[in-house]
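Here's the structure we're looking at; comments come further down.
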There are 2 protein chains.
Amino acid sequence: MVTVHEVARVAGVSAATVSRFLNGTAKVSDEKRKAIESVIERLNYKPNVLAQNLKSGSTRTIGVLTQSLMSGYFADAMAGIDDALQGAGYAPLIVSGHWRAQEEAERMELLIARRVDGVVILSGRLKDSQILKLSNRVPIVAFGRQLEGKHAYGFSLDNYKAVCDAVEYLIMQGHRNIAFIAGPPDHEDAQARLKGYRDTLAKHKIQRNPRLIEAGDFLETGGLLAVERLLESGERFTAIFAGNDLTAYGARLALYRRGIRVPEDISIVGFDDLHSSMCTTPPLTTVRQPLFEVGRCLGQAILAMIRHEKPDIDLPQLSLEVRESVRRIG
Amino acid sequence: MVTVHEVARVAGVSAATVSRFLNGTAKVSDEKRKAIESVIERLNYKPNVLAQNLKSGSTRTIGVLTQSLMSGYFADAMAGIDDALQGAGYAPLIVSGHWRAQEEAERMELLIARRVDGVVILSGRLKDSQILKLSNRVPIVAFGRQLEGKHAYGFSLDNYKAVCDAVEYLIMQGHRNIAFIAGPPDHEDAQARLKGYRDTLAKHKIQRNPRLIEAGDFLETGGLLAVERLLESGERFTAIFAGNDLTAYGARLALYRRGIRVPEDISIVGFDDLHSSMCTTPPLTTVRQPLFEVGRCLGQAILAMIRHEKPDIDLPQLSLEVRESVRRIG
DNA sequence: TTGAAAGCGTTACCAG
DNA sequence: CTGGTAACGCTTTCAA
């Protein structure tokens, strides 16, 4: 590998000058500039990033702590982060915590050990206090929690309000017996969504029926099982609010198995708007999460924090994507 | 930040000894070992990876060149790679080429500049010759192409055979008018799949009908449009072989729009077995790509190449996942 | 078994 | 404007 010294020697200048030329740190005479340029070209010199890193203490790398590499949900956000990092010359180092606080903590240590310049945390089970502590060692931006610290910043989208709107929509379409398939009880978003559901029914003076609320796990299986239980319970309902799209997929399949039509017999609403939700049969009415945009915001935010600026983000909003899985009744 | 020298000074030994203790490079007297251990503990010393990198020339990082961060297809493979890398102390640096050879080449330069120890290439449009050349600078393992070089290794799964089997299955179910929605013509897998389709029909003496072959783009839209054209053409067919699952989703939606039932009226087969294909209505019969396992193989392979061993992989196989989107007729 | 010292390749400071 | 030199923090000879 060719080094600055090599280039310097061949060009008949000092290493310092070559470095200055490379970084534009100071003026270099035209004559030497040309010499250096041609030598660099000829020797095909590329600075050694490792040495630069050591010197500068920075790696131009952003750690991304996600929960699952396989999930379409996180994938979109990662793409957004990548998009934001791209132009700034940063690259993402992606690790996954698999929804386990212990593992997330370990991954965070790994990222810090690798000297990433900042970390983006996508959801997860780390406690806010843990994140705040970690942020003394590396700037952190988190999605899925409100956070404001000297070196930490976090935001989430208003799941509660989005669900209120969606349930409202269902009610406007004439539905009053609306089942709800919840997400993991310890999941902040899942809680907000459940609350939105409950409050909106209450607001419309609809008698609450706890038997219409089923547990789910934010996965297809949970949705499928939940609907089976619902159906077996004999409880009456005309619509299902699924905790997220995967749940909705499972629910839809359970209905299909029984020959129950959507939306003719039962309506379904999801949450997330995964890509495939556009093409389910029928196309799923769901709350759209602008995850790519969220990712972009996260990327810009962490970049800002690294520059010691306050991240100044205008958050993308959740919105109901009306498609064809809800029928007007009554 | 505390350094080896700091630790050494406090423990009353030399930096060299601390380093030796840390790396087990040489014997260290019990006495000093204890002193060092306690000081490290007390000062909470962590070696600076950047300095280690510079010294060793290695970053314990594997570059992963994918095409889309958002695709479920690549996501599974990445999860597999991550899984393989995990235990070995390597972390993935993921970049995306967006299916554009130019961009892929740039990303490769980026990875090399960042001194990754190896690169895994997931599909893409780089030429084999380019990859071979690149592999002189960094070991490369590629998926989606046969490759064997001193520092390059590549494999793909037998798309051709898998499609033959799947079409054969369709024929066994009584289908003879089978439409095919192709992928991008310049995509190697797409070509193999189309050929498998053609050859199998020929093998069974089924009159080839070019109007049953429609162009697609491996995306939902392509599938949707293709089916609309198919339907408008008035051509008769009882089954559709979609180039991949996304195409199948689009195709299924187009059918749904016209009130055509699956599989009662028309059968569909896909390719990939994305997660959601398990939960479409009806669940999709499709060729399963064991992408997670593929990812693991890729990870193990690149690790082997870094250790200067021949990657010795037994490839996972494609297999037909029979579900409910195909009906027996005739 | 241990320590001193020489690098790894850059960049930044200090003279000139 | 330019060159010499030190320093980033670690590992690895080389001697002892």
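These figures come from a predicted structure and were not determined experimentally. In what follows, chains are A, B, ... by sequence order, proteins preceding strands, each numbered from 1.
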Inset, instruction - With rounding to the nearest 0.5 Å, note down the distance linking NE2 in His187(A) to CZ in Phe218(A). - result: 5.0 Å
Inset, instruction - Look at the side chain of Gln300(A) and the backbone N and O of Cys297(A), then say whether any donor-acceptor pair between them is shorter than 3.5 Å. - result: no
Legend entry - Members of residues 15-31 of chain A that approach DNA chain D, where some heavy atom sits under 4.0 Å away: Ala16(A), Thr17(A), Arg20(A), Lys27(A), Val28(A), Ser29(A)
Legend entry - Side chains of Ser58(A) and Asp117(A), donor plus acceptor under 3.5 Å: yes
Inset, instruction - Would you kindly compare Lys46(B) and Gly12(A) by the position of their nearest DNA chain D nucleotide and give the one closer to the 5′ end? - result: Gly12(A)
Legend entry - Closest to side chain of Lys32(A), choosing from dC10(D), dT2(D), dT10(C): dT2(D)
Legend entry - Between dC10(D) (C1') and Met1(B) (CE): distance, integer Å: 15 Å
Inset, instruction - Ignoring backbone atoms, establish whether Ser14(A) has a side-chain N or O less than 4.0 Å from OP1 or OP2 of dG3(D). - result: yes
Legend entry - Protein-nucleotide distance (Asn53(A), atom CG; dA7(D), atom C1'), rounded to Å: 16 Å
Legend entry - For atom CD of Gln52(A) and atom C1' of dG9(D), their distance in whole Å: 17 Å
Inset, instruction - Please say whether more than 12 non-hydrogen atoms of neighbouring residues, nucleotides or ligands are located less than 6.0 Å from CD in Glu309(B). - result: yes
Inset, instruction - Round to a whole Å and report the spacing from CG of Leu54(A) to C1' of dG9(D). - result: 6 Å
Inset, instruction - Specify the separation, in whole Å, of atom NZ of Lys55(A) and atom P of dT10(C). - result: 13 Å
Legend entry - Glu109(A) and Arg137(A) ion-paired at < 4.0 Å: yes
Legend entry - Gap separating the OG atom of Ser123(A) from the CZ atom of Arg145(A), nearest 0.5 angstrom: 7.0 Å
Inset, instruction - Using a strict cut-off of less than 4.0 Å between a Lys/Arg side-chain nitrogen and an Asp/Glu carboxylate oxygen, indicate whether Arg125(A) and Asp186(A) qualify as a salt bridge. - result: yes
Inset, instruction - Using five base pairs at each end, measure the axis-to-axis angle across the helix from dT1(C)-dA16(D) to dG16(C)-dC1(D) and round it to 10 degrees. - result: 40°
Inset, instruction - Starting at atom NZ of Lys34(A), determine the distance to atom P of dC1(D), rounded to an integer number of angstrom. - result: 15 Å
Legend entry - Check: Arg296(B) side chain, Asp82(B) main-chain N or O, donor-acceptor pair, under 3.5 Å: no
Legend entry - Nearest-Å distance for atom pair CZ/C1', residues Arg114(B) and dG9(C): 17 Å
Inset, instruction - Let me know the distance between CG of Leu50(B) and C1' of dT10(C), rounded to the nearest Å. - result: 12 Å
Inset, instruction - Step through the shown structure and confirm whether more than 12 heavy atoms of other residues, nucleotides or ligands are within 6.0 Å of CG on Asp312(B). - result: no
